[in-house]
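Report on the structure given below.
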Protein chains: 2
Amino acid sequence: MRDSAEKGARARLKPGMKHGGSPCCMELEGGIRNRGLRMTLPRQLVAQVLEAAEGYLSAEEIYSIIREEYPAIGLATVYRTLVLLDEMGIVNRYNFGEGRARYIVTEDQTAEHHHQLVCERCYKVIKYSDFIEDERELYRKVESVLSVKHGFKINRHIVQFHGICPDCRKKEKQENENESSSGDI
Amino acid sequence: MRDSAEKGARARLKPGMKHGGSPCCMELEGGIRNRGLRMTLPRQLVAQVLEAAEGYLSAEEIYSIIREEYPAIGLATVYRTLVLLDEMGIVNRYNFGEGRARYIVTEDQTAEHHHQLVCERCYKVIKYSDFIEDERELYRKVESVLSVKHGFKINRHIVQFHGICPDCRKKEKQENENESSSGDI
DNA sequence: CTGACTGCAAACCCTTTGCATCATC
DNA sequence: GATGATGCAAAGGGTTTGCAGTCAG
């Protein structure tokens, strides 16, 4: 069960929305046209799957979700589309050290900068930008102190809180119960 | 020049310290003995190179640094040693999305929790734990707010400021000058 | 129609593994 | 000397690329 679409951060192709319409697809289509490229089904599908996802998806996961309904689509095309979407700034590519990349739709650039809660088990991500009072101000201050002190030109900051999401906590509890009730060492 | 040891976060084997003695080697030796494993030259060398490094190194970089003086050492051994060091908690493995892992000696666990300045060009890292006033307190507050709000069990946080270090800023400036003075398009 | 896009398979790159040999304990 | 560690080469796994056929514009 290495890479099924059944992992926590799952997504599905909703049969009712076969073609375009979602914010992501609109943006994609715009970008595509601008570049003189072509809008195709695989490109729509990848964008749609990522849009529907609750968190980071690997290429393989995206591929297998799409394949459920469109078995003709190839993995290479998924990869090529992801490169395109990344270049266009529609998705972002991340790496959690599993030996594979994971993708997520880029936060709306007009939206506020955000920080993240990442589940260490299922890679579901919760973004938040409802910072508590003084939080924003503090980062500004810290960045200015650091850039002066160390001569860095600071471009951005990454703030992630890692832990276990509610769903996975439930699962872990269940697993522990099963373990202790079975005869395992 | 994909992976030479000449990148910014460089390190060298100091001829004078061929065998052990560094904090890392001591810790390594202790851990090794405890496990009934054997202390060998390649293991010392990998630990030493990482200890001397100013930032994150890739396996290939470590390998090529060692190879300058010990051409007989194999890349596979470097990888195996890195797995060992990682398991023993002596080094940490990170991934910056280049398609390869990078390693760095684990911060001293007795030392204060710290945040990082990472150079996006050479992967040099500056750690700091001289937080400005209220910084520490703020993270505590944020974590408690988030864990209540989202039901996460928060284990740790990662705060990194990404940018360009002073050395690389200099290099970039030089490169730009060279570019504009040469006849390139 | 034309050229961009696709699926397939082969190539690539980083990393891991199998195996005979070597060296630590 | 026994057994863990090594070097080499081959295998793995994720990702990219070459190519001929396909399809959007």
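Note that the coordinates shown come from a computational prediction; the quantities given were computed from them, not determined experimentally.
- Rounded to an integer number of Å, the gap from CZ of R67(A) to C1' of dG7(C) is 12 Å.
- If you measure from atom CD of E61(B) to atom P of dC14(C), you get 11 Å, rounded to the nearest angstrom.
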Checklist outcome for this item: Counting primed atoms, P, OP1 and OP2 as sugar-phosphate and everything else as base, the B/S/- map of nucleotides 15-25 of chain D against protein heavy atoms under 4.0 Å is SBBB-----BS

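- Per the geometry, CZ belonging to R43(A) stands 14 Å off C1' belonging to dG7(C), to the nearest Å.
- For the pair L82(B) CG and dT6(D) P, the interatomic distance rounds to 12 Å; values are reported in whole Å.
- Applying the ring-ring contact (aromatic ring centres under 6.0 Å, His included) rule to F96(B) yields the partners Y56(B), Y123(B); only residues at least two apart in sequence or on another chain are considered.
- E61(A) is not listed as a side-chain neighbour of R100(A), based on a closest heavy-atom distance of 4.5 Å or more.
- At a threshold of 4.5 Å between side-chain heavy atoms, the hydrophobic network of Ile, Leu, Val, Met, Phe, Trp and Tyr places I126(B) and I158(B) in two separate groups.
- Y70(A) and V49(A) fall within the same hydrophobic cluster, defined by Ile, Leu, Val, Met, Phe, Trp and Tyr side-chain heavy atoms under 4.5 Å apart, directly or through other members.
- With rounding to whole Å, Q44(B) atom CD is found 12 Å from dT24(C) atom C1'.
- Summarising the geometry, the separation between CD1 on I32(A) and P on dG3(C) is reported as 19 Å, rounded to the nearest angstrom.
- In this structure, Y70(A) atom OH and dG7(C) atom C1' are separated by 17 Å, rounded to whole Å.
- With sequence neighbours left out, the ring-ring contact (aromatic ring centres under 6.0 Å, His included) criterion links F161(B) to H157(A).
- As a whole-Å value, the separation of E98(A) CD from dT16(C) C1' is 17 Å.
- Side chain of T106(A) to main chain of G89(A): a donor-acceptor pair is present (N/O by atom type, distance under 3.5 Å, no hydrogens or angles).
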